[in-house]
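Below: the structure, in structure tokens.
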Amino acid sequence: MKLILPQLTAELSPAVSCDGSILIMAAGGRPPQTKWLQQTVTGTGTLWAIDRGIDVCHQTGLLPHRLIGDADSADGDSWHWAEQQGVPIDRYAPAKDLTDFQLALELSRRDFEQSFLIVTGAFGGRLDHAFSLLYSLVGDGRSGCLADEQEVLLLLRGGESAEITLRAEAADSLSALSLLPLAPVCRGLSLSGVRWPLEDTVLTQQLPYAVSNELLPQTKKISVSLADGVVGIYFVFGSLTA
């Protein structure tokens with residue numbers, strides 16, 4: 001499986017359970033930059049909007065293939081635009097057990113059971129929303145990432161490896177590279193191409209020390225592998241803005 005984002009290309013193998021198709025979900029957190037979203041959507045397949053995610057779709061003129069949510073945070077004009085354009089809409093009552101994102105994950109299983117999931121509009125805003133979204137994606141079991149022009153978090157599950165090549169401008173603007181344990185214990189974790197490499201390491205949620213790493217000078221490629229657990233390969237580009 002090859003993942004192509006404006007900042008990087010990732011070759012994921014061998015156990016990534018994905019058929020090569022991609023579903024992009026625009027959620028309601030910090031909206032991605034227009035150019036970034038247009039580049040990411042171009043040629044990648046299907047775009048869904050999740051509640052307030054319809055706002056960035058409207059602003060960029062990218063018509064989603066589906067809109068899911070309770071309409072409690074989306075701009076009314078954006079929602080009306082989707083209706084006028086004939087976008088299929090799954091609308092729910094605000095008082096419900098599952099979040100809009102969790103409902104979207106459930107709905108996506110019918111046609112995208114083996115797809116790679118790119119979730120944008122995932123960062124910024126409330127911590128509880130970001131926490132719920134991240135761990136819902138982890139628990140979903142499919143391959144995926146959270147991404148915009150400022151941050152990328154790529155999931156790596158046990159038995160998988162990733163060869164990640166950063167584009168020149170992205171490598172120059174990289175502020176930090178971290179490995180985040182998203183399971184209680186992550187075993188057999190290796191990382192190369194960085195100032196502080198790891199080799200067959202155990203990383204735990206109780207002591208998540210593998211943060212703020214750096215690329216080696218003149219290096220634009222890193223390699224990560226994991227025997228057991230779930231790790232987030234996290235990149236920060238430039239100075240974060242709200």
Side-chain angles (χ1 to χ4, degrees), residues 1-13 16-69 74-75 77-79 81-89 101 104-105 107-108 110-124 133 137 140 142-155 162-174 220-221 233-238 241:
M1 166 70 195
K2 177 183 284 189
L3 170 67
I4 300 175
L5 294 174
Q7 304 100 314
L8 57 83
T9 299
E11 294 278 358
L12 307 172
S13 64
V16 174
S17 57
C18 180
D19 61 9
S21 64
I22 292 177
L23 172 61
I24 301 172
M25 295 181 171
R30 182 182 66 219
Q33 184 185 64
T34 296
K35 182 179 179 180
W36 184 94
L37 183 59
Q38 290 172 334
Q39 290 178 342
T40 302
V41 170
T42 300
T44 57
T46 305
L47 171 66
W48 284 13
I50 304 173
D51 204 71
R52 194 168 60 179
I54 192 61
D55 292 351
V56 71
C57 295
H58 188 196
Q59 292 162 9
T60 57
L62 292 170
L63 195 66
H65 296 84
R66 195 166 188 170
L67 170 58
I68 301 103
D75 182 81
D77 289 342
S78 298
W79 199 277
W81 169 76
E83 292 174 333
Q84 286 186 316
Q85 298 300 318
V87 174
I89 298 175
F101 180 67
L105 286 176
L107 290 170
S108 69
R110 188 184 69 179
D111 297 322
F112 300 95
E113 179 67 28
Q114 300 298 319
S115 295
F116 188 95
L117 306 179
I118 298 176
V119 185
T120 192
F123 301 107
L133 188 151
L137 182 61
D140 176 83
R142 280 175 283 184
S143 300
C145 69
L146 312 181
D148 63 15
E149 73 282 357
Q150 298 184 63
E151 299 171 86
V152 174
L153 190 152
L154 173 64
L155 297 186
E163 300 283 336
I164 303 173
T165 303
L166 276 70
R167 307 195 192 287
E169 59 274 19
D172 291 341
S173 67
L174 184 68
K220 297 180 178 64
K221 184 176 181 178
I233 308 170
Y234 175 67
F235 301 89
V236 180
F237 300 97
T241 58

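The residues of the chain are indexed from 1 along the displayed sequence. Keep in mind that the numbers below use all heavy atoms, side chains included, and drop hydrogens, waters and symmetry copies.
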The test is side chain to side chain contact (heavy atoms under 4.5 Å, CB included); show your working for M1 and I22 and say whether it passes. CA-CA 10 Å; M1 166 70 195; I22 292 177; 4.1 Å; yes

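- One side chain, W36 or Q7, offers a donor N or O that lies under 3.5 Å from an acceptor on the other.
- Taking CG from L155 and OH from Y234, the interatomic distance works out to 13.5 Å, rounded to the nearest 0.5 Å.
- Put simply, CD on Q59 and OG1 on T34 are 7.0 Å apart, with the number rounded to the nearest 0.5 Å.
- Ring geometry, H58 versus W81: the interplanar angle falls under 30°, so the pair is classed parallel (tilted spans 30 to 60°).
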Pair L174, V236 - check side chain to side chain contact (heavy atoms under 4.5 Å, CB included), show working. CA-CA 6 Å; L174 184 68; V236 180; 5.8 Å; no

Is there a side chain to side chain contact (heavy atoms under 4.5 Å, CB included) between L8 and F235 once you walk through the steps? CA-CA 10 Å; L8 57 83; F235 301 89; 4.0 Å; yes

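- Side-chain contact check for C145 versus L3: some heavy-atom pair is nearer than 4.5 Å.
- Residue L5 comes nearest to R167 through the heavy atom pair O-NH2, 3.0 Å, listed as atom of the first residue, atom of the second, then distance.
- Checked against ring-ring contact (aromatic ring centres under 6.0 Å, His included), W79 has no partners two or more places apart in sequence or in another chain.
- For the atom pair CD1 of I233 and CG of L154, the computed distance is 4.5 Å after rounding to the nearest 0.5 Å.
- I24 pairs with exactly one of T40, V119, L62 by the side-chain contact (heavy atoms from CB on, under 4.5 Å) rule, that one being T40.
- The two atoms that bring A147 and T120 nearest to each other are O-OG1, 2.8 Å, heavy atoms only.
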Walk me through whether L146 and F123 qualify under side chain to side chain contact (heavy atoms under 4.5 Å, CB included). CA-CA 8 Å; L146 312 181; F123 301 107; 3.6 Å; yes

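- The closest side-chain heavy-atom distance from L166 to K221 is not below 4.5 Å.
- Residues Q39 and P6 come closest through the heavy atom pair OE1-CB, 3.4 Å.
- Every residue two or more places apart in sequence or in another chain was checked for a salt bridge (Lys or Arg N to Asp or Glu O under 4.0 Å) with K35, and none qualifies.
- Take F237 and apply the ring-ring contact (aromatic ring centres under 6.0 Å, His included) test, not counting sequence neighbours, and it matches no residue.
- Counting only distance, with no hydrogens or angles, the side chain of H65 and the backbone of W48 share no donor-acceptor pair below 3.5 Å.
- In this structure, D55 has no salt bridge (Lys or Arg N to Asp or Glu O under 4.0 Å) partners at least two apart in sequence or on a different chain.
- Inspection of the R66 and T46 side chains reveals no N or O donor paired with an N or O acceptor under 3.5 Å.
- Listed for the R142 side chain is no donor-acceptor partner under 3.5 Å among the backbone atoms of L117.
- In this view, E11 and K2 satisfy the salt bridge (Lys or Arg N to Asp or Glu O under 4.0 Å) rule, not counting sequence neighbours.
- Residues S21 and S115 share a closest heavy-atom pair of OG-OG, 2.6 Å.
- The salt bridge (Lys or Arg N to Asp or Glu O under 4.0 Å) test applied to E151 returns R30, not counting sequence neighbours.
- To the nearest 0.5 angstrom, C57 atom SG is 8.5 Å from L63 atom CG.
- The two atoms that bring K220 and A171 nearest to each other are CG-CB, 3.9 Å, heavy atoms only.
- Between the OG atom of S143 and the CD1 atom of I118 there is a distance of 11.5 Å, given to the nearest 0.5 Å.
- Using a distance-only test at 3.5 Å, with no hydrogens or angles considered, no donor-acceptor pair links the side chain of T165 to the main chain of T9.
- Nearest heavy atom pair, residue D148 against residue Q150, reads OD1-N, 2.9 Å.
- Residue I68 holds its CD1 atom at 10.0 Å from CG of D51, rounded to the nearest 0.5 Å.
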